[in-house]
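These numbers come from the heavy atoms of this one structure, side chains and all, not from hydrogens, waters or symmetry mates. Fair warning: this is a prediction, and the values are worked out from it, not measured in the lab. By convention in this document, chain letters (A, B, ...) are assigned in the order of the sequence lines, proteins followed by strands, and residues within each chain are numbered from 1.
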Amino acid sequence: MLIRDLPLDQRVIEILEGSGFRELYPPQAEAMPLALSGQNLVVSIPTASGKSLIAYCAILDQILKGGKALYIVPLRALAREKFDELAPFRRLGIKIGIATGDFDRKESHLGRNHIIICTSEKADSLLRHRTTWLSELKVVVADEVHLINDPSRGPTLEVTLTRFKALNPEAQIIALSATIKNAGELAEWLDANLVQSEWRPVELRKGVFDGSTVDFTDNKSIPLPQRPGIDSISFLVEDTIKQGGQALVFVNTRRSANALAKKVGGAIRPVISEKEREEAANLSNHVLNVEREKTSLGKSLADCVREGCAFHHAGLGSEQRRVVEQAFREGKIKCVVATPTLAAGMNLPARRVIVRDLWRYAALIGMAPIPRLEIHQMMGRAGRPHLDPYGEAVLVARHPEEKERIREEYLLGDVEPIHSKLGSESALRFHLLAAIASGFTRNRQELNHFIGSTFYSYQTEAYWLESQLDGITDFLLDNDFIVENEEQFKPTLFGVKTSELYIDPLSALKMKEAILSEKASRGEPLSFLHVIASTPDMRLLSLRRTDEWILEKLDEFSNFLLEKPEPETAEMDLFLPAFKTALLLEDWINEESEENITKRYGIGPGDIHAEVELAQWLLYALREIARLLYIGELMLPLTNLNIRIRNGCKAELLPLIQLEQIGRVRGRALYNAGFRTLNSLRKAPEESLARIPTIGKEIARTIKRQVTRVDHIQTGLKE
DNA sequence: CGTGCGTTTCTCTAGACAGCATGTC
DNA sequence: CTAGAGAAACGCACG
């Protein structure tokens with residue numbers, strides 16, 4: 001079936017054909033009529049077999065008939081990807097917006113768009129804020145809907161879909177999923193047609209490797225003669241490079257990724273050409289300089305890249321990650337060794353995918369097998385459409401005896417069915433409050449009806465649910481999130497704020513406790529940082545064997561707003577990681593170098609930024625809760641702390657960084673040059689500012705322009 | 001006494017969403 | 001805690 005035979009607007013067809021689409025893949029051909037009929041649809045097919053095109057066509061069709069569409073994705077990066085893919089259609093006057101937590105775009109105008117791309121959390125947040133234009137939606141697309149199975153984020157997606165169904169029963173729902181065993185259940189729950197297929201645009205050969213040969217499921221095998229001086233993974237990589245391909249290796253820890261990338265880099269030297277080496281050397285220098293601060297992790301990445309190999313995990317800074325991804329796409333890097341970061345999400349295919357580790361450490365459990373769904377997603381990265389003649393996925397067995405089991409389970413067997421995780425206490429707490437706070441459920445009957453229409457309820461015995469719900473509503477009532485009068489629920493201001501701030505009710509309670517403590521007015525930055533680090537929304541650093549220094553710090557600091565537990569108790573086991581996390585944040589606002597923070601806490605630059613970003617969000621929430629409770633004296637210190645976290649600077653730079661173009665680096669440069677207040681800048685001649693390193697003529701002029709129009713500057717901060 | 005290298009012991013474990021209002025090197 | 005890779009520490013032989 002051809003694109004041009006679809007019952008679509010001619011202009012849409014032209015743009016699609018202009019982007020190189022002509023013929024539909026078989027699963028697309030099957031799904032497209034259903035998608036364009038306006039009926040609900042579940043599509044369960046492998047990654048990279050053209051799922052999104054089905055959704056795009058349905059969306060464009062509906063929009064040209066005068067509707068709005070919401071496209072829900074699991075990652076911010078995917079939101080951008082979809083945005084770029086849909087961009088050509090803006091020619092038709094179609095407006096597209098992105099709504100993710102980090103994206104810099106005015107939200108008030110979001111409703112003006114025809115297509116809004118967002119993460120599932122953002123979609124949930126829009127519902128919580130009772131965003132009016134949601135009722136204009138004619139299509140809701142849920143990408144990677146199998147993530148309903150994820151314990152931490154799945155419930156959000158599930159609840160969001162449930163609420164959209166209720167809010168707008170006429171709207172079409174299109175759910176796109178990886179291949180899963182019980183896609184039928186999902187379709188039945190959504191009242192949708194089901195299209196299921198294993199078809200892939202590139203042939204995928206799957207095999208198991210035991211150290212001597214790779215045995216493929218089609219009974220072919222590659223013998224690998226043991227060769228001294230080269231380990232077997234490197235050999236598998238080298239072999240594919242020799243044939244003109246690239247390799248992607250998945251391992252289960254960051255440390256392994258670093259070490260293996262180094263090893264492979266050394267081993268593939270013979271198959272890298274002189275020209276490629278030169279290119280890699282340039283790239284390596286680039287890698288060193290992309291992040292604003294140098295770290296030893298960046299150094300070791302650059303060393304690997306020099307050999308045409310790289311590692312990839314969430315400890316890398318975002319720029320470093322971007323450079324690796326792009327260079328791999330361009331073929332400048334021949335092999336990437338990655339943790340599961342690259343399994344889902346960004347599309348980064350390679351001719352040969354090697355999955356070295358099938359087990360992964362899990363807290364409380366020990367080593368647990370990685371779900372087959374995840375392994376399949378890794379294997380699915382094998383084979384670049386139009387570029388590779390085929391893709392090869394190789395799973396590595398630890399012993400020869402393991403070989404047959406791996407073949408049966410991972411290569412020939414089904415992937416697991418997905419199960420709703422909405423039944424967890426924390427998920428219900430979070431989402432029930434939201435449902436009540438936004439006026440979606442006003443009494444127990446509506447609450448039962450709401451839960452009754454979830455996938456969780458679809459998969460669970462009904463009698464089980466009610467007692468569970470009572471426990472949650474009791475919690476919400478007891479803690480003043482909601483009240484119940486004449487059998488009607490009403491949210492309190494505290495409840496509404498908690499829901500809209502998008503924090504866990506338990507976090508809100510911790511914050512409230514800290515703010516109302518009599519010590520709050522004497523709180524230091526570290527006191528407040530410790531409060532947010534003690535909420536369940538913060539990601540905690542774990543304690544390591546060499547962390548006794550944390551205990552010493554604990555003795556030095558006593559200004560905690562939350563009660564310090566006795567040593568050697570279970571509470572202490574939570575308190576210490578929270579304290580360690582708070583110390584990291586304190587180092588950050590004290591302008592400690594990233595390299596030092598990295599070493600001291602045993603994390604990467606990417607982790608620093610992740611923690612800081614979380615802290616920003618939670619500090620904002622803390623300030624809002626303080627405002628709600630009328631604790632005015634905390635507003636200034638919390639606002640200042642917020643600015644310091646955002647900029648990573650000491651309090652003394654606060655007056656300077658209010659200026660445009662002045663962040664922590666230039667602020668520090670000005671300060672060290674003796675300019676400590678706006679007033680001193682006002683008096684200084686422009687030329688003397690221009691002589692300061694990192695400032696220069698242009699910036700100096702900007703500064704002078706700003707300080708001479710002092711009336712336009714907010715003067716709320718201390719100077 | 002320093003160096004190199006095989007062996008034993010010790011340590012530590014993936015990822016990433018959310019508020020709100022504007023501007024870093 | 002049901003494991004195992006990688007790094008550090010150790011120990012031994014050699015010059």
Can you check whether [X] has a side-chain N or O nearer than 4.0 Å to OP1 or OP2 of [N]?
| X | N | result |
| --- | --- | --- |
| A:T119 | B:dA18 | yes |
| A:K262 | C:dG6 | no |
| A:S120 | B:dC17 | no |
| A:H129 | B:dG19 | no |
| A:R544 | B:dT11 | no |
| A:T694 | B:dC25 | no |
| A:R666 | B:dC25 | yes |
| A:R76 | B:dA18 | yes |
| A:R321 | B:dA16 | yes |
| A:T253 | B:dC12 | no |

Just name whichever nucleotide pairs with [N], Watson-Crick or G-U, keeping both distances under 3.5 Å, else none.
| N | result |
| --- | --- |
| B:dA18 | none |
| C:dA8 | B:dT8 |
| B:dT13 | C:dA3 |

Can you tell me how far [atom2] of [N] sits from [atom1] of [X], to the nearest Å?
| X | N | atom1 | atom2 | result |
| --- | --- | --- | --- | --- |
| A:R128 | B:dG19 | CZ | C1' | 12 Å |
| A:N258 | B:dC12 | CG | C1' | 14 Å |
| A:I117 | B:dC17 | CD1 | P | 15 Å |
| A:R254 | C:dA7 | CZ | P | 15 Å |
| A:L653 | B:dT24 | CG | P | 13 Å |
| A:I72 | B:dC17 | CD1 | P | 15 Å |
| A:E319 | B:dT24 | CD | P | 17 Å |
| A:E121 | B:dC17 | CD | C1' | 4 Å |

Is any side-chain heavy atom of [Y] closer than 4.5 Å to one of [X]?
| X | Y | result |
| --- | --- | --- |
| A:E611 | A:T581 | yes |
| A:P74 | A:H146 | no |
| A:I532 | A:L585 | yes |

Axial cation check for [Y] ring with [X], 6.0 Å and 45° limits:
| X | Y | result |
| --- | --- | --- |
| A:R80 | A:F83 | no |
| A:R691 | A:F675 | no |
| A:R664 | A:W588 | yes |

Any N/O donor-acceptor pair, A:R539 side-chain to B:dA16 base, under 3.5 Å:
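Such a pair is found, so the answer is yes.
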With a 4.0 Å cut-off on heavy atoms, is [X] in touch with a base, just the backbone sugar-phosphate, or nothing at all?
| X | result |
| --- | --- |
| A:A610 | nothing |
| A:D150 | base |
| A:R627 | nothing |
| A:H312 | nothing |
| A:Q616 | base |
| A:G366 | nothing |
| A:N252 | sugar-phosphate |
| A:L364 | base |
| A:R356 | sugar-phosphate |
| A:I365 | base |

Work out how far the P atom of C:dC1 is from that of B:dA18, and round it to whole angstrom.
37 Å
For A:W359 and C:dG4, do the ring centres fall under 5.5 Å apart while the planes stay under 30° apart?
no
Closest to the [X] side chain: [options]?
| X | options | result |
| --- | --- | --- |
| A:A314 | B:dA16, C:dG6, B:dA14 | B:dA16 |
| A:R255 | B:dC25, B:dG19, B:dC12 | B:dC12 |
| A:S542 | B:dT13, B:dC17, B:dA14 | B:dT13 |
| A:R153 | C:dG6, B:dA18, B:dA16 | B:dA16 |
| A:W617 | C:dA3, B:dA14, B:dG19 | B:dG19 |
| A:M367 | B:dC25, C:dA3, B:dG19 | C:dA3 |

Please compare A:R664 and A:L614 by the position of their nearest nucleotide in DNA chain B and report the one closer to 5'.
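Comparing both residues, the 5'-ward one is A:L614.
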Hey, which sits more toward the 5' end of DNA chain B by its nearest nucleotide, A:R545 or A:T341?
A:R545
A:D537 and A:S507 side chains, donor-acceptor separation under 3.5 Å
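Yes, side-chain donor-acceptor contact under 3.5 Å.
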Modelled atom types, side-chain donor and acceptor of A:T639 and A:R623, under 3.5 Å:
yes
Using heavy atoms to find the nearest nucleotide of DNA chain C for A:R398 and A:A363 separately, return the residue whose nucleotide is more 5′.
A:A363
Are any of the side-chain nitrogens in A:E652 or A:R668 under 4.0 Å away from the carboxylate oxygens of its partner?
yes
